[in-house]
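Below is one structure, written out as structure tokens; the observations come after it.
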Amino acid sequence: MIRVMIVDDQRPTRMGLALMVAKDPTLHVVAQAANGQEALDKLATSAENQQTLPDVILMDVRMPVMDGLDATSRIKKLHPEISILILTTYDEDDYAFTALGAGASGFLLKDVKTADLNRAIHAVHAGDAILTPRITAEVIRKGVPRPKANDKSEAREKFAQLGKRELEVASLVSQGLTNAEIAERLQLQPDSVKKTVSRILAKLKVRDRINIAVLWYQADMRYLR
């Protein structure tokens, strides 16, 4: 059972998200909060009482008292084991940069479908990272300078270490696909994809999925179809 906390200043939104999460019998909403400070207070109370903390937090961005980005940063410092999935109606790339920098594991828009939301919760709980493909591209475009010839050559040398299947998976990671989506696309088991991603990270000597995408961009590689 994956324990979920919902943080949003709109009660109808919290209720709607709770109903979506309830569609998956392996997920359970254990707490709700109307802003970041309330979320921090509830986590502190649970910790003091030696109660089990949530595994994943669904976090709104714009809230009174304390917004979701500030709350994410503070929660990750106090409870690094909690995965945080940012949900917002504002499709603005700056939020993605800030959320990732604050320690969030994912960034989705609130119009996400129930099945996709619940898959994302499972994914971040398993250590995956979730970004919409468009935001992945924008994060790279805005945050990474155009590759120079030397950078391109060095990046391509790193990808030359990968086998054919690893290269296929790296391509799909760079497009913002989750392990489950990659598994479905390549007709593989999710565990196999997870192990492949771990090998890719080790071979490329990068720490997370977004850095695979950045390196792919620097290598000026074309996506494999």
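Being a predicted model, the structure only gives us computed values, none of them experimental. Hydrogens, waters and symmetry mates are skipped; everything else that's a heavy atom, side chains included, is used.
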(request) Working to the nearest 0.5 Å, report the span between CD1 of Ile200 and NZ of Lys158. (result) 14.0 Å
(message) Between Lys110 and Asp60, is there a side-chain heavy-atom distance shorter than 4.5 Å?
(response) yes
(request) Kindly indicate whether the side chain of Trp216, heavy atoms from C-beta on, has any atom under 4.5 Å from the side chain of Val173. (result) no
(message) Walk me through whether Lys203 and Leu162 qualify under side-chain contact (heavy atoms from CB on, under 4.5 Å).
(response) CA-CA 7 Å; Lys203 287 185 177 182; Leu162 305 185; 3.7 Å; yes
(request) For Arg165, check salt bridge (Lys or Arg N to Asp or Glu O under 4.0 Å) against everything at least two apart and list the hits. (result) Glu168
(message) Hydrophobic cluster membership, with links at side-chain heavy-atom distances under 4.5 Å among I/L/V/M/F/W/Y: are Ile57 and Leu78 in one?
(response) yes
(message) Would you say Met5 ends up clustered with Met15 if hydrophobic residues are merged whenever their side chains have heavy atoms under 4.5 Å apart, either directly or through other cluster members?
(response) no
(message) Hydrophobic clusters here meaning ILVMFWY residues chained together by side-chain heavy-atom distances under 4.5 Å, can you tell me if Val30 and Ile2 are in one?
(response) no
(message) Under the salt bridge (Lys or Arg N to Asp or Glu O under 4.0 Å) definition, can you give me all pairs with a residue in residues 186-200, not counting sequence neighbours?
(response) Glu166-Arg199
(request) Go through the structure and list residues passing salt bridge (Lys or Arg N to Asp or Glu O under 4.0 Å) with Arg3, not counting sequence neighbours. (result) Asp55
(message) Do Val197 and Val169 have side chains that approach each other closer than 4.5 Å (heavy atoms only, starting at C-beta)?
(response) yes
(message) Taking the side chain as everything from C-beta on, heavy atoms only, tell me whether Asp67 gets closer than 4.5 Å to Val61.
(response) no
(request) Enter the distance from Ser171:OG to Leu167:CG here, rounded to the nearest 0.5 Å. (result) 7.5 Å
(request) Check whether any side-chain heavy atom of Val56 sits under 4.5 Å from a side-chain heavy atom of Leu27, and report yes or no. (result) no
(message) Quick test of your reading: applying salt bridge (Lys or Arg N to Asp or Glu O under 4.0 Å), list the pairs with at least one residue in residues 28-42, sequence neighbours left out, ordered by first then second residue.
(response) Glu38-Lys42
(request) Among residues two or more places apart or on two chains, list those pairs meeting salt bridge (Lys or Arg N to Asp or Glu O under 4.0 Å) that have a residue in residues 72-86. (result) Asp70-Arg74
(message) Taking the side chain as everything from C-beta on, heavy atoms only, tell me whether Leu43 gets closer than 4.5 Å to Ile82.
(response) yes
(request) Give a yes or no on this: more than 12 heavy atoms of other residues, nucleotides or ligands lie within 6.0 Å of atom CD of Glu184. (result) no
(request) Could you tell me whether the side chain of Leu172 reaches within less than 4.5 Å of the side chain of Val193, counting heavy atoms only? (result) no
(message) So Leu53 and Ser46, do their side chains get closer than 4.5 Å, heavy atoms only?
(response) yes
Could you list the donor-acceptor pairs under 3.5 angstrom formed by side chains in residues 116-126, with sequence neighbours left out?
{"unit_1": "Asp116", "atom_1": "OD1", "unit_2": "Arg119", "atom_2": "NH2", "d": "2.3"}
{"unit_1": "Asn118", "atom_1": "ND2", "unit_2": "Met20", "atom_2": "O", "d": "3.0"}
{"unit_1": "His122", "atom_1": "NE2", "unit_2": "Asp24", "atom_2": "OD2", "d": "2.8"}
{"unit_1": "His122", "atom_1": "NE2", "unit_2": "Thr26", "atom_2": "OG1", "d": "3.1"}

(message) With clusters defined by side-chain heavy atoms of hydrophobic residues (ILVMFWY) lying less than 4.5 Å apart, directly or transitively, does Val65 cluster with Leu87?
(response) no
